[in-house]
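Scope of the values below: all heavy atoms of this structure, side chains included, with no hydrogens, waters or symmetry mates. Numbered from 1 within each chain, the chains take letters A, B, ... in sequence-line order.
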Number of protein chains: 2
Amino acid sequence: MPAAADELPSTGRGRRPPRPSGDDRELAILTTAERLLAERPLGAISVDDLARGAGISRPTFYFYFSSKDAVLLSLLDRVVEEADTAMREAFGSPATGARDGWARAIGAYYDTFRAHRPLTVAWAQARSTSDEVRGLWSAVFERWVQQSTAAIDAERARGAAPAGLPARDLAVALTSMNERVLYATFSGDGPAVAEADVVEVLLGIWLSAVYGAAIPD
Amino acid sequence: MPAAADELPSTGRGRRPPRPSGDDRELAILTTAERLLAERPLGAISVDDLARGAGISRPTFYFYFSSKDAVLLSLLDRVVEEADTAMREAFGSPATGARDGWARAIGAYYDTFRAHRPLTVAWAQARSTSDEVRGLWSAVFERWVQQSTAAIDAERARGAAPAGLPARDLAVALTSMNERVLYATFSGDGPAVAEADVVEVLLGIWLSAVYGAAIPD
DNA sequence: GCAGTCCTCGACACCCTGTTGACTCGTTCG
DNA sequence: CGAACGAGTCAACAGGGTGTCGAGGACTGC
């Protein structure tokens, strides 16, 4: 439906751009992708679907994006930015207590990806098929692990948490858990934790893993 | 290279079966699949590759299997059986202590899937694209969760573990962690725990999550 | 030596991806 | 003003994958 754009003036009054220009099309592809992703998995969406949804032909699609994956990557860039910001805020702001600090971090992770549920699910799926998607996820994951590792080390340094398993190994395993559990909850396939309880469950496990014998608060 | 089979007598001496029969072909497809899976991901293997590897044409492949996924499923059935057996043994046999019991269970999981590393990796990937593969995994996962839930409840009943999060939620989250961490370790993409340490790390987290304040042994 | 079953594959119909080359249409600049 | 240019567009093509169909070939039992 490319007709709707006709009456929108680009700078002043009056109909002017009978042919919507570059950025519009690119945006149309992006929003089409997001819309379709909410309906069906990435593998069931063809380049043609994306092109038709954006009101252009398939070859024209390739003028804007080099592949279907490139569209996904473009969509994901925004989410990555959000996720990183949320993570930095969660780990950066002063916590009123240990439990509270971890709750904020896990909550940030949960909130960000829940806000982009279909995209998150597609992301996990495309990791199997695209090196770039996989790499992007690894980078996000790695940053999360680093923050967590640092936080665990800090707790140990101030005597709040006992020494035990290497902090990084703990962080990798627990972050993996977050990822997998949240994915199962969001995608709905297979056994999962109820969405209402998932943050509490994850938090409980993080706390017992990090603080071992002495769970504060 | 279908020529090599000619000199193999089927029951007695002398060359007899110039045309290898049904079961041979089916097996050849299966072993070809396993061999190729060790080299490249499932998505990079075509039905034609499988057929050629087994010395037959593509249409003939379809005489034996209805699709590439069906081959994978067939391969996975064996692994599922092994995994279930190992799991039942691990949970069924009397443990000398709490730590020991959980160590055995996690070790069984690890050993089984490590023994079929390429298949395990392919399994996780195919979950995104095939309902049947996904269902098969869900079933395995569910059985593991049920065993774990029962074991946690038993520990709580005998007073060894404190009440806390619902046992099933704990089991789902911790099993998810096992799955994800082991996958990362086996597939080698993204940050992972070193293979030598992975069981110890997972075990440590299970123990602190299940036993909370009082970690036995 | 005929019928039936198992097995095999050439040829086909489709669907999807990514590329090519010609074409349109505003804009810019001599 | 008109030639040249660049952004945008798409029909047509090339190539590779999947799954099916129908015409056989080869043993098996009768």
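Taking atom CG of residue Asp48(A) and atom P of nucleotide dG18(C), one finds them 13 Å apart after rounding to whole Å. Atom CD1 of Ile29(B) is separated from atom P of dC7(C) by 11 Å (rounded to the nearest Å). Here dT18(D) presents its C1' atom at 20 Å from OH of Tyr64(B), a figure rounded to the nearest Å. Between the CZ atom of Phe63(A) and the P atom of dA11(D) there is a distance of 17 Å, given to the nearest Å. When the P atom of dC16(C) is taken as reference, atom CG of Leu50(A) falls 13 Å away, rounded to whole Å. Between the CD atom of Glu26(B) and the C1' atom of dC6(C) there is a distance of 14 Å, given to the nearest Å. Between Phe61(A) atom CZ and dT17(C) atom P there is a gap of 9 Å when expressed in whole angstrom units. When rounded to the nearest whole Å, the span between CG of Asp49(A) and C1' of dC16(C) equals 11 Å.
Counting any heavy atom pair closer than 4.0 Å across all strands shown, Thr60(B) reaches a base atom. Residue contacts shown for Ser57(A) include a base, since a base heavy atom lies under 4.0 Å away.
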Handout entry: Criterion ring-ring contact (aromatic ring centres under 6.0 Å, His included) on Tyr183(A) and Trp123(A), from CA distance to verdict
Key = CA-CA 10 Å; Tyr183(A) 173 80; Trp123(A) 196 349; over 10 Å; no
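Among residues at least two apart or in separate chains, there is no side chain to side chain donor-acceptor pair (under 3.5 Å) pair with a member in residues 65-74 of chain B.
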Kindly list each side-chain donor-acceptor pair under 3.5 angstrom involving residues 194-206 of chain A, sequence neighbours excluded, with atom names and distances?
residue   : atom : partner   : partner atom : Å
Glu195(A) : OE1  : Arg117(A) : NH1          : 3.1
Glu195(A) : OE2  : Tyr110(A) : OH           : 3.2
Glu195(A) : OE2  : Arg117(A) : NH2          : 2.9
Trp206(A) : NE1  : Asn178(A) : OD1          : 2.9

Could you pull out all donor-acceptor pairs under 3.5 Å where a side-chain atom in residues 77-84 of chain B meets a protein atom, sequence neighbours excluded?
residue  : atom : partner   : partner atom : Å
Glu82(B) : OE1  : His116(B) : NE2          : 3.1
Glu82(B) : OE2  : His116(B) : NE2          : 3.1
Asp84(B) : OD1  : Arg143(B) : NE           : 3.3
Asp84(B) : OD2  : Arg143(B) : NE           : 2.9
Asp84(B) : OD2  : Arg143(B) : NH2          : 2.8

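Distance alone, capped at 3.5 Å, places no donor-acceptor pair between the Thr185(A) side chain and the Ala192(A) backbone. Between the side chain of Thr175(B) and the backbone N or O of Val172(B) there is no donor-acceptor pair closer than 3.5 Å. Between the side chain of Asp111(B) and the backbone N or O of Ala108(B), no donor-acceptor pair lies under 3.5 Å.
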Exercise for the section: Dot-bracket for DNA chain D, please, read 5' to 3', with Watson-Crick or G-U wobble pairs under 3.5 Å on both distances, ( ) within the strand, [ ] crossing, | other strand, . unpaired. Expected result: ||||||||||||||||||||||||||||||
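Take Arg58(B) and apply the salt bridge (Lys or Arg N to Asp or Glu O under 4.0 Å) test, not counting sequence neighbours, and it matches no residue.
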All N/O pairs under 3.5 Å across the protein-nucleotides 20-22 of chain D interface:
none

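Side-chain polar atoms of Trp137(B) and Glu179(B) form a donor-acceptor pair below 3.5 angstrom.
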